[in-house]
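Data block below; observations after.
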Amino acid sequence: MKAETRPLFAYLSIVAVAYVFLIIDAINAHFAFAYLFSDAWEHAGALNALMESPFDPRAPHVVADASSARFMPAYVLAALVGRLVGAESTSLLIGIGFVNTAVFFLGVYLFSREYFRWKWAPHVVALCLLGAWGKGFVWSNATTLGALPMVAGFPSHLALGVGFISWWIGLRLLRKPQDEKIALLTGGLMLILAFALLTHVLTAVVTTAGLFLIAVFERQVIFSRRVAVILAIPVGVLLMEMWPYYSTLNFLIPAAEKMIETESVSEPTPAAQSQNVDAREPGDTAEEAKDVHPFYRPVEFLTSYGIGVLGFLLAAWYLIKLRHLALVFSLFGLLGIFLVNIFWSVPLGHRTLLFAGVFAHLLLSAFLIEALRGMRFSEAREFFVRSNPAKGVVMVLVGVSVIANVAFAAYRLRSTAEVDGASGIYTRAKWEVSYREISAKLAPDSIVMAARPIAWPLPAFKGRIISSLHGNPFVPDPRARESAVKRFFNYSASEAERDKILNTWSASHLLLFRGPEFLRRYAEVRGKLVAQSGPFALYELDDR
């Protein structure tokens, strides 16, 4: 093998390992759909709505004259393909994960080679992003290998990869003053920023801020190039507003008050997963509301990040050395928001810990790259044992962490197929079977009354619901919908109240999940049982 092709081949080997996990998941596990509360149901619902009507889609979950921030270019294109081949939305989302992951690894490769100016840098960065963790987070925007099958199809994963590509383009503009492709790169940067903002606005805002800091702190740069990169950001925002499905600015401005009205630091317990989810929802009790979000639990933080915590410590060291300042200030800025959220609620402020992790792992990569650059294998023992044992220890710890993460990801993937669902005994495979059987009795325009946790996956198959688990800022009355559903399933509600709620929201069906006897009696009087699968019972309501 030629020397110049070895780095690329080695990098593709790392990528291949990640794809092995994606392939196994696609065949057997379906990790993204293993949990009733998974965000994957939201994305699959959006794809389903787009496949039903690609150019005039309805709100993907609730029946409302509203669009959705999930109707972004990538999903529109995917839905057109899915519509052509007759794919199910859940399978389509898994397929999207393969494309998103390719974009992610491409972005890491291009950015790392350009930023660190070393052909082997992408390998170190990829291994740190995937494996320099403890047990890792299974969360959108977490880069750990164990989370990859869960988040690969999510817009946030694509937006992160696109963000890396935008950093690469920005660095090319800043560092190559003689490049004849200046106009092409500048135009491409504007378009890719618009695409990223349309794909996942939260991720894109963070990566765009990182691009801004790269432009500010990059040394020995022609001033006009620095200005060009910075000005590309507002131009990208203007281009973003040309998208016909929705306005991202209209999404950003009211999102805080419409979607986040509680303290971000708290999170309900999954108590409803083991009790009657027809009558209760997470957060219904004072005890649940007091639970602290796992991101704010010190033990959870340390065990999840593991060796990645070194990246946070290295940020202070590089600040003193005045090096990698764009990465350092990005990390500190995100940590600042994360800490402020403890005292004052910041919309999605807890999520900044995951974004900070990206920069922490990049700083850890920088530390390792400095140790490895130019070193021959025969010199390794002399360097690490005698010259710089601290770097040797870090290198060994990262290596062990990577191996442990691969093993842990394999274990997690293997056990996912039998993971318990909301009932405590209901497995992932049965979830999908039951929802397919139930939705077979629905029309695309059926309006189903169901408790929000149970209703959440339904639009990924067929039908619409009254209130979704996650808010859509383009829907004007989310709180009224939520209150109506909670009141309907409340034990103290009268039959007259339930009738009024069903009529107000034009419900055509009622879906129960092991509902209490009083709800089943009501359903039998109000309509007829048309489908039953496992603990699910679907009633078609009479016209009244």
Side-chain angles (χ1 to χ4, degrees), residues 7-8 10-19 22 72-74 77 96-132 140-145 147-148 151-175 184-185 188-215 218 229 232-233 236 324 326-327 330 354-366 369:
L8 178 59
Y11 187 75
L12 291 177
S13 299
I14 296 173
V15 175
V17 171
Y19 269 89
L22 292 182
M72 68 280 196
L77 179 60
I96 289 171
F98 284 81
V99 178
N100 289 354
T101 302
V103 174
F104 171 78
F105 279 112
L106 176 63
V108 170
Y109 182 83
L110 294 174
F111 164 73
S112 303
R113 279 182 67 104
E114 184 64 43
Y115 182 80
F116 294 107
R117 294 187 173 100
W118 189 41
K119 62 184 179 181
W120 291 98
H123 310 72
V124 178
V125 174
L127 288 174
C128 284
L129 288 173
L130 292 174
S140 179
N141 287 120
T143 59
T144 173
L145 181 62
L148 185 61
V151 305
F154 289 10
S156 55
H157 188 55
L158 175 61
L160 183 58
V162 171
F164 277 116
I165 294 174
S166 73
W167 293 350
W168 167 69
I169 296 174
L171 286 169
R172 286 289 300 269
L173 283 167
L174 293 168
R175 291 179 173 181
L184 180 62
L185 287 172
L189 181 59
M190 296 172 182
L191 289 172
I192 204 167
L193 289 174
F195 179 85
L197 287 163
L198 287 168
T199 299
H200 193 260
V201 64
L202 179 62
T203 305
V205 166
V206 172
T207 57
T208 301
L211 174 67
F212 174 80
L213 291 174
I214 287 173
E218 183 69 14
V229 173
I233 296 173
H324 303 297
L327 304 181
S330 293
L354 295 173
F355 293 114
V358 173
F359 294 101
H361 284 89
L362 288 176
L363 289 169
L364 178 59
S365 300
I369 288 168

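Keep in mind that what you see is a predicted model, and the values were worked out from it rather than measured.
Of all heavy-atom pairs between Ser140 and Leu354, the closest is O-CD1, 3.1 Å. Among all heavy-atom pairs drawn from Ala18 and Leu148, the shortest one is CB-CD2, 3.8 Å. Listed here is the closest heavy atom pair of Ala102 and Tyr19: N-OH, 3.0 Å. Contact record, Ser166 with Leu211: O-CD1, 3.7 Å, taken as the closest heavy-atom pair. Across Ala126 and Phe105, no two heavy atoms sit closer than the pair CB-CE2, 4.5 Å. Of all the heavy atoms in Leu160 and Thr203, the pair that sits closest is N-CG2, 3.6 Å.
Distance alone, capped at 3.5 Å, is enough to place a donor-acceptor pair between the His361 side chain and the Gly357 backbone. Here the side chain of Thr101 pairs no donor or acceptor atom with the backbone of Phe98 at under 3.5 angstrom.
Between the CG atom in Leu197 and the CG atom in Leu202 there is a gap of 11.0 Å [rounded to 0.5 Å]. Going from atom CD of Glu114 over to atom CZ of Arg172 covers 6.0 Å, rounded to the nearest 0.5 Å. Atoms CD1 and OG1, on Ile214 and Thr208 in that order, are 10.5 Å from each other to the nearest 0.5 Å. From Leu193, atom CG reaches atom CD1 of Ile169 across 8.0 Å, with rounding to the nearest 0.5 Å. Separating the NE2 atom in His157 from the CD1 atom in Ile96 is a distance of 12.5 Å, to the nearest 0.5 Å. Between Ser112 atom OG and Trp167 atom CH2 the span is 10.0 Å, to the nearest 0.5 Å.
Between Phe116 and Val125 the shortest side-chain heavy-atom distance falls below 4.5 Å. Inter-residue side-chain proximity for Leu158 and Phe195 is flagged as met; some heavy-atom pair is nearer than 4.5 Å. Val162 is not listed as a side-chain neighbour of Thr199, based on a closest heavy-atom distance of 4.5 Å or more. Residues Val151 and Asn100 fail the side-chain proximity criterion, which asks for heavy atoms closer than 4.5 Å.
Classification of the Phe104-Phe164 ring pair by plane angle, with boundaries at 30° and 60°, yields perpendicular. Ring-plane geometry between His123 and Tyr11 is classed as perpendicular, the angle between the planes exceeding 60 degrees on a 0 to 90 degree scale with a lower cut at 30. Ring-plane geometry between His324 and Tyr115 is classed as tilted, the angle between the planes lying from 30 to 60 degrees on a 0 to 90 degree scale.
Between Phe154 and His200, a ring centre-to-centre spacing not shorter than 6.0 Å is recorded.
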(request) Evaluate the criterion side-chain contact (heavy atoms from CB on, under 4.5 Å) for residue pair Trp168 and Leu106; output intermediate values, then yes/no. (result) CA-CA 10 Å; Trp168 167 69; Leu106 176 63; over 6 Å; no

(message) Working note: Val206 + Phe359, criterion side-chain contact (heavy atoms from CB on, under 4.5 Å); need CA distance, chi angles, decisive distance, verdict.
(response) CA-CA 11 Å; Val206 172; Phe359 294 101; 4.1 Å; yes

